[in-house]
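Beneath this line is the structure, given in structure tokens, with notes to follow.
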Amino acid sequence: MQNPKFQVFKSSANSEYYYRLRARNGEIILNGEGYKTKQGCLNGIASVKSNSPYDSRYDRRQSVNGQYYFNLKALNGEIIGRSEMYVTRSGMENGISAVKRDAPTAPIEDLTLAGAY
């Protein structure tokens, strides 16, 4: 995969809609929470697109096991996306840079048309 993209899918476990942002290399760099409706999920993606360029919206964290991750927050402070875990701080910063670069213009691939995931 060479182009970053959001993927929307519906969980077969709880029937909620989720999104994930895939980077240029195909790795998942951001995950969204569960939404009751597809439109709610698409609204979540729109919020990520509008908030992702701003460094102040990234909450950089370290887990109890020493790994790094970040949360992307909306202007109101609500978490709208969570990263994967990173072994190093620089890996986390690279993840943030990828979200800043890719999220604003990434297209949306609707996987719900093909079934539940």
Side-chain angles (χ1 to χ4, degrees):
M1 184 173 101
Q2 297 173 337
N3 297 318
K5 61 184 170 184
F6 285 96
Q7 292 178 315
V8 174
F9 60 98
K10 188 174 183 179
S11 170
S12 58
N14 64 10
S15 295
E16 290 191 337
Y17 293 88
Y18 294 85
Y19 77 80
R20 58 187 168 227
L21 174 61
R22 289 191 178 271
R24 293 175 182 169
N25 64 3
E27 293 293 317
I28 297 170
I29 53 176
L30 197 69
N31 290 292
E33 65 182 3
Y35 295 89
K36 298 289 183 198
T37 66
K38 187 190 295 188
Q39 187 57 53
C41 187
L42 294 173
N43 292 346
I45 292 172
S47 184
V48 169
K49 287 177 171 262
S50 64
N51 285 283
S52 60
Y54 304 103
D55 192 68
S56 63
R57 307 281 163 76
Y58 293 87
D59 181 23
R60 293 156 170 89
R61 313 285 299 196
Q62 188 172 15
S63 68
V64 293
N65 68 1
Q67 292 191 315
Y68 298 89
Y69 67 99
F70 61 88
N71 294 318
L72 175 60
K73 294 184 174 185
L75 185 58
N76 65 4
E78 180 181 338
I79 295 173
I80 53 176
R82 289 182 166 78
S83 76
E84 301 297 308
M85 298 300 264
Y86 297 92
V87 176
T88 64
R89 183 180 300 274
S90 64
M92 176 188 65
E93 292 298 334
N94 288 340
I96 290 171
S97 294
V99 173
K100 286 179 180 178
R101 177 190 68 226
D102 297 341
T105 59
I108 299 170
E109 179 182 25
D110 188 347
L111 300 177
T112 65
L113 303 176
Y117 285 81

Do [X] and [Y] make a side-chain contact, defined as non-hydrogen atoms from C-beta onward lying under 4.5 Å apart?
X	Y	value
D102	R22	no
L111	R20	yes
S52	R57	no
N31	E84	yes
V99	Y58	yes
N94	Y86	no
D55	R60	yes
L30	F70	yes

With rounding to the nearest 0.5 Å, note down the distance linking [atom1] in [X] to [atom2] in [Y].
X	Y	atom1	atom2	value
M92	S90	CE	OG	9.0 Å
R61	S83	CZ	OG	11.5 Å
C41	F9	SG	CZ	8.0 Å
N43	Y19	CG	OH	12.0 Å
T37	Q39	OG1	CD	6.5 Å

Please give me the minimum heavy-atom distance between [X] and [Y], naming the atom from each residue.
X	Y	result
P4	P107	O-CD, 3.3 Å
N25	E27	OD1-N, 2.9 Å
K38	L113	NZ-CD2, 4.4 Å
L75	N51	N-OD1, 3.5 Å
A106	K5	CB-CA, 4.0 Å
S11	Y18	CB-CE1, 3.7 Å

Step by step, work out the salt bridge (Lys or Arg N to Asp or Glu O under 4.0 Å) result for E33 and R82. CA-CA 8 Å; E33 65 182 3; R82 289 182 166 78; 5.5 Å; no
For the pair E16 and K36, find out whether any cationic side-chain nitrogen is under 4.0 Å from an anionic carboxylate oxygen. yes
If you group Ile, Leu, Val, Met, Phe, Trp and Tyr by side-chain heavy-atom gaps below 4.5 Å, do V48 and Y69 land in one group? no
